[in-house]
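What follows is a single structure, written as structure tokens, with notes after it.
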There are 2 protein chains.
Amino acid sequence: MLHVAEAARVSVATVSALLNGTATVSPELTQRIEQAIRDIGYKRNAIARSLKMGTTRTIGLTVPHITNPFFTDVVSVIQQAFDRAGYAVMLCCTDEDLNTQDEQIRLLLDRMVDGLIVARVGDGGILKGIVEDANVPVVLLDRLCEGVDTDAVVLDNQRAVFDAVTYLIHLGHRRIGYITGTSDISPMHDRMIGYREALQAAGLPVAEELVRSGNFHEIDGYNATMQLLSLHDRPSAIFSANNPMVIGTMKAIRDIGLNCPEDISVACFDDFPWSDVFAPQLTTVAQPVQAIGEQAASLLLDRLAGNRDAPPRKLVLKGRLMIRNSCRPLGAVAQTVSA
Amino acid sequence: MLHVAEAARVSVATVSALLNGTATVSPELTQRIEQAIRDIGYKRNAIARSLKMGTTRTIGLTVPHITNPFFTDVVSVIQQAFDRAGYAVMLCCTDEDLNTQDEQIRLLLDRMVDGLIVARVGDGGILKGIVEDANVPVVLLDRLCEGVDTDAVVLDNQRAVFDAVTYLIHLGHRRIGYITGTSDISPMHDRMIGYREALQAAGLPVAEELVRSGNFHEIDGYNATMQLLSLHDRPSAIFSANNPMVIGTMKAIRDIGLNCPEDISVACFDDFPWSDVFAPQLTTVAQPVQAIGEQAASLLLDRLAGNRDAPPRKLVLKGRLMIRNSCRPLGAVAQTVSA
DNA sequence: AACGCTAATCGAAACGTTTCGAATGTGTCA
DNA sequence: TGACACATTCGAAACGTTTCGATTAGCGTT
């Protein structure tokens with residue numbers, strides 16, 4: 001900017017004023033400055049600007065795994081929304097590890113991000129302190145966090161699983177296996193409640209041996225399914241509360257020599273683009289990823305626009321059961337039901 | 001830092017020296033400073049540091065679509081690699097649009113990213129000038145760019161498609177439909193060559209009506225497939241050069257009432273986690289995403305470590321044909337071949 | 001002719017670091 | 001005892017902006 005000012009024979013203050021429109025600059029100087037900018041190929045340094053202004057027009061976004069199709073989609077939507085608003089997005093993957101998350105959040109804060117969208121992990125770690133300090137607005141994504149009272153966008157997980165399991169029950173299933181991620185995060189917790197309540201509402205017992213938990217990965221779904229399928233009285237249906245784990249479920253079913261849906265019905269959380277082109281077409285609970293991403297972005301953008309004092313807002317969106325053909329009616333029991 | 005210095009009764013220069021280890025600080029002052037840092041909860045401001053040092057320890061990464069599973073995986077690997085190295089990653093999606101890409105690259109450069117990894121779009125736009133200025137190291141990912149002479153990691157696309165199409169020919173297929181993205185980017189161009197060469201090597205004609213191109217989206221694959229299937233002499237196999245488009249292909253096959261692989265064989269580019277759990281299990285060309293991401297990261301990290309003058313390095317990795325069951329041998333012709 | 005008003009421009013401080021050269025103190029050696 | 005080397009510490013400039021208050025010039029009023 002100094003060079004521009006010299007070339008245009010004005011002060012840097014005038015150049016800055018012109019660039020920011022913070023004061024009127026005479027046509028003559030405007031012309032000289034613009035010429036100088038073109039000649040020199042000047043680009044304003046956003047770092048210096050950030051230092052002075054205390055704002056970086058950059059936000060931080062952390063998710064557990066970007067390869068989970070739910071997060072892929074949401075990240076994509078969020079990225080687009082902030083792009084439109086002229087913000088850059090720093091993306092971090094925490095790998096479901098609290099220490100990693102803490103480290104990355106620190107890294108983001110060091111870089112003075114203006115805001116944070118977090119699909120948190122573990123108990124939230126340093127998140128609590130950050131929200132309390134209230135210097136940087138935080139929006140929780142997909143997962144609430146106990147003791148962290150801030151804006152959030154989540155699904156009505158309990159209801160979504162309740163509906164899905166109720167659907168299985170209506171098909172005649174009585175022993176329904178349930179595969180969950182670690183229950184320290186709110187969606188897994190709520191989904192589990194939905195499962196139990198659906199069984200209870202139908203007057204069915206909750207058999208603890210039918211509930212298995214793993215660490216969100218394909219292999220965990222595989223192992224959990226193997227265990228379920230080797231029970232002496234094995235379930236006739238399996239609901240997987242997590243998308244990557246259902247791949248493991250399908251592989252386990254295949255490896256053990258069974259077929260879906262003939263031998264065992266499967267439904268799972270999170271829809272994905274392939275779900276209705278291959279066989280079996282998986283029955284899933286689809287999350288409104290577009291809305292989730294957009295709402296999270298707009299909550300944060302609203303805070304960034306200066307609306308800091310409004311009380312925390314929690315948005316709860318509804319899932320949608322996409323019924324396809326991976327769950328079959330159980331003949332005998334179906335008759336019992338219709339009898 | 002000023003506050004720390006005051007609290008510890010030293011100068012800011014001493015605090016800085018201690019923090020950076022740029023000079024020896026006596027045990028006594030070290031102790032006082034560390035105490036003050038703890039008391040105040042001081043965190044070094046990375047923006048001010050960046051301004052002074054001219055480096056942000058942040059890189060920019062642009063891809064056309066993060067929802068394309070190939071890019072999802074590569075982004076994930078790259079993100080992890082830079083995370084390990086203490087760098088932050090700014091992610092941008094260009095939506096296959098050159099103007100968007102130019103804008104985002106400008107945004108990244110304004111923010112003084114130390115380096116750039118770009119899966120470019122169109123003719124590269126301002127990329128050429130940036131590489132020539134040589135202020136910011138650039139690594140091309142997945143796609144070379146004419147006139148842009150810099151580090152790159154790409155696949156041997158021609159060979160990969162040659163192998164895949166040759167495989168189809170060995171199965172007895174003679175009329176093989178080919179669905180491609182717009183050919184202005186190097187992988188699409190090279191893959192097309194691989195297709196043509198495989199046919200020529202087998203002494204088969206290249207029928208232009210069997211080649212369809214679209215814009216990388218599912219719907220484009222759908223339309224292209226519909227066109228292919230409504231030819232009076234329709235192909236017995238389809239190769240889709242792009243992963244999202246193959247979803248459209250499968251949907252078109254289903255909608256038209258055909259089955260894969262009984263009525264038509266399908267193979268495509270890019271593997272994905274689900275490819276071997278559903279039916280048909282798709283035969284794909286798998287890219288070594290882990291290696292691609294790691295190599296791209298390490299090329300850039302090497303430049304960032306100061307190795308600026310080495311000539312541009314181009315890494316060409318090999319794809320791997322994952323043969324599953326979405327392509328069937330053509331009985332009659334197979335006999336001809338074996339005769 | 002003196003005054004105040006507005007518009008345009010500018011000088012200089014500030015943002016929070018790093019870094020260079022200077023200053024200070026301490027110990028060693030002739 | 002004086003000179004010198006060495007270890008520590010510090011003051012101040014610099015990075016490239018923004019912004020505040022001051023300055024100047026031009027103009028209409030009285």
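In what follows, every chain begins at residue 1, and chains take the letters A, B, ... in the order their sequences are listed.
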On DNA chain D, does the nearest nucleotide to A:L19 precede the nearest nucleotide to B:S26 from the 5' side, or the other way round? Give the residue.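 Taking each residue's closest nucleotide, the earlier one in sequence belongs to B:S26.
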Q.
OP1 or OP2 of C:dA8 versus the side-chain N and O atoms of A:T24: is any pair under 4.0 Å?
A.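 It does, given that an N or O in the side chain of A:T24 lies less than 4.0 Å from OP1 or OP2 of C:dA8.
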- Item | Ring-face cation contact, A:Y42 with B:R106, 6.0 Å cut, 45° max | no
**Q.** Cation-aromatic face contact A:R303/A:F82, 6.0 Å, 45 degrees
**A.**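 Negative - A:R303 is either too far from the ring of A:F82 or too far off its axis.
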Between CG of A:L18 and P of C:dA7 the distance, given in whole Å, is 18 Å
Q | Salt-bridge present (A:R9, A:E28; N to O < 4.0 Å) | A |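 The answer is no: the pair does not qualify as a salt bridge.
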Here the gap from B:R111 atom CZ to A:S50 atom OG, rounded to the nearest 0.5 Å, amounts to 7.0 Å
Check your understanding: What is the nucleic acid contact for A:I47, judged by heavy atoms within less than 4.0 Å: base, sugar-phosphate only, or nothing?
Key -> nothing
Check: Contact class for A:S16 (heavy atom, under 4.0 Å): base, sugar-phosphate, or nothing?
Finding: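 Base contact - A:S16 has a heavy atom under 4.0 Å of at least one base atom.
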Notebook entry, point to check: chain B on DNA chain D: first and last contacting nucleotide, 5' to 3', under 4.0 Å to a heavy atom?
Noted result: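 First and last nucleotides in contact are D:dT8 to D:dG16.
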Partner set under ring pair (Phe, Tyr, Trp, His ring centres under 6.0 Å) for B:H217, not counting sequence neighbours |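 With neighbours one apart ignored, the set is B:H65.
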Side-chain H-bond candidate by donor/acceptor type, B:Q104 with A:D83, under 3.5 Å | yes
